[in-house]
Novice: 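Sharing a structure here in structure tokens format.
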There are 2 protein chains.
Amino acid sequence: MTAASPKPSTSSAEAPDPAPRPRTMSREARREQIIEATIRTLAARGFARTTLTEVAREAGLSHGLVLFHFETKEKLLADTLGALAEEYRDNWQAALASAGPTAAEQLSALIDADFAPNLCTPDRLAAWCAFWGEAQSRPIYQENYGDKDAAYNARMEEICAELVAEGGYTAAPKYLARILRLTIEGTWLDLMSMKDPYDAAEAQRTARICASILFPKHFKAE
Amino acid sequence: MTAASPKPSTSSAEAPDPAPRPRTMSREARREQIIEATIRTLAARGFARTTLTEVAREAGLSHGLVLFHFETKEKLLADTLGALAEEYRDNWQAALASAGPTAAEQLSALIDADFAPNLCTPDRLAAWCAFWGEAQSRPIYQENYGDKDAAYNARMEEICAELVAEGGYTAAPKYLARILRLTIEGTWLDLMSMKDPYDAAEAQRTARICASILFPKHFKAE
DNA sequence: TCTCTGATTGACAGTCCAGTCAATGGCGTG
DNA sequence: CACGCCATTGACTGGACTGTCAATCAGAGA
């Protein structure tokens, strides 16, 4: 008889959810909970040592339930990557939508969005990193992954083209956009992989300085 | 005298070694052969699916022999990363040593060294990538990995500091060095992970354009 | 309260893999 | 030519992990 009656449910270990969780949850809520546990596991153990048992333990569930909701480990990981990509895309698109219409404002919003504190967290960066390392040899992951990049890159290049038209910069927009993107992505990797890393604020500062060098008429240093 | 005289040994499957391989090899030669097979396996299958059996098959050896030479899988992978880091370091240090003494020449040599055709190969980039993804959760790999970065970064920053002193650029050398390094590293990742990637020559061009924007008095575009 | 639906569990099976080890065989040396 | 050393092999083991499945349980509606 598991049937513990009052159900203290004190230490639920992972989700800092104040509401006492019901024993059964809706499909969507449970899937989200498991995906969050997967992100945490990827961050803590890396891709190679991420097991269903560990994900289930992290979520406080049986490992059978993980497979009940995601069928296979492959699908769980693909859906996790998909969720990461979706929240990333939603974040920068929302930032662009609520920013001013000028190219300079758009680019500024895009840079800030990439360092949003709720997405640019150690767990999420580490999970991205884990997929990054594995994606090159797994077509399944490249799909979700490359698509995200494509839309972002295209928008970034448009903005850079506008800035070039306005400011008369000599370099081609394609390269300006690429250098800016690589600097932003690169600081993420630094945050993860450097022995003595700087923090997210310093990363953001690096990106802004990069913008100020590439487009000196539009952005001032600091 | 390795004494292998007739020894047909026709299809040796992997190493394009023209010399007929003897049945037994010196410790060092065998280790190198296995490390090369490991790099190929990491590139083809990723970190998570790299098994001793697959490495052995790639090298044309029994998997017992791999463990005879490296004791454990962990040590094999750590030594492989160490070998990659060493050849990378040797490469850029040799390039700096044989380049001219001015800061501009040094930086130019450093950029070219990073795209040396014998090191900037798909297999090696993919192997780096595989370690990249796993290193964040594995202290063993961070050691070899972070040390390499440290020396390179320090030298890059010195060179940038000289260029700033010469050219009177406004940005701090620390950020200039970082942006340049991130652009170089980033193009490597692009070569691996993009859906529709450009080639190594285009990557090198991107790095040179970056240098020409950061240090316009020292580098001309194209 | 009873019943039905669907979430949840945990034991189990099959597979794959790292690491062990006894036996083999090639090569240099005496 | 014989011996001994050491590289090499491949079968074997123990463990870990993914995926299956029958039984259980919680909640909603009648």
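We name chains A, B, ... by the order of the sequence lines, and we start the count at 1 in each one.
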Novice: Can you measure A/F70 atom CZ to C/dA7 atom P for me and round it to whole angstrom units?
Specialist: 13 Å

Novice: Figure out the CG/P separation between A/L65 and D/dT20, and round it to whole Å.
Specialist: 15 Å

Novice: Please round to the nearest 0.5 Å and tell me the distance separating atom OG1 of B/T38 and atom CD of B/E54.
Specialist: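 If we round to the nearest 0.5 Å, B/T38:OG1 and B/E54:CD are 11.0 Å apart.
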
Novice: For A/Q204, what residues pass the side chain to side chain donor-acceptor pair (under 3.5 Å) criterion, not counting sequence neighbours?
Specialist: A/D112

Novice: I need the CZ-P distance between A/R27 and D/dG27, as an integer number of Å.
Specialist: 18 Å

Novice: Would you mind listing every side-chain hydrogen bond (donor to acceptor under 3.5 Å, both in side chains) that reaches into residues 63-72 of chain B, with sequence neighbours excluded?
Specialist: B/E71-B/K75

Novice: Which whole-number value in Å describes the distance from B/E71 CD to C/dC21 C1'?
Specialist: 16 Å

Novice: Tell me, please, which residues at least two apart from A/D123 pass salt bridge (Lys or Arg N to Asp or Glu O under 4.0 Å).
Specialist: none

Novice: Starting from P on C/dA11, measure out to CZ on A/F68 and report it in whole angstrom.
Specialist: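 About 20 Å, once rounded to whole Å.
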
Novice: Return the value, rounded to whole Å, for the distance between atom CD of A/Q33 and atom P of C/dA7.
Specialist: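 In whole Å, C/dA7 P lies 14 Å from A/Q33 CD.
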
Novice: To the nearest Å, give me how far apart CZ (B/R57) and P (D/dT8) are.
Specialist: 19 Å

Novice: Show me the donor-acceptor pairs, under 3.5 Å and distance only, between side chains in residues 76-86 of chain A and residues at least two apart or in other chains.
Specialist:
{"residue": "A/D79", "atom": "OD2", "partner": "A/R31", "partner atom": "NH2", "Å": "2.8"}
{"residue": "A/T80", "atom": "OG1", "partner": "A/L76", "partner atom": "O", "Å": "2.8"}

Novice: With sequence neighbours left out, write down each residue that passes side chain to side chain donor-acceptor pair (under 3.5 Å) with A/E134, or none if nothing qualifies.
Specialist: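 With sequence neighbours excluded, A/E134 shows a side chain to side chain donor-acceptor pair (under 3.5 Å) to A/R138, given in chain and number order.
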
Novice: Rounding to a whole Å, what distance do you find between A/I34:CD1 and C/dA7:C1'?
Specialist: 11 Å

Novice: Name the pairs: protein N/O against N/O of nucleotides 15-18 of chain D, kept only if under 3.5 Å.
Specialist:
{"residue": "D/dT18", "atom": "OP1", "partner": "A/L52", "partner atom": "N", "Å": "3.3"}
{"residue": "D/dT18", "atom": "OP1", "partner": "A/K73", "partner atom": "NZ", "Å": "3.1"}
{"residue": "D/dT18", "atom": "OP2", "partner": "A/L52", "partner atom": "N", "Å": "3.1"}

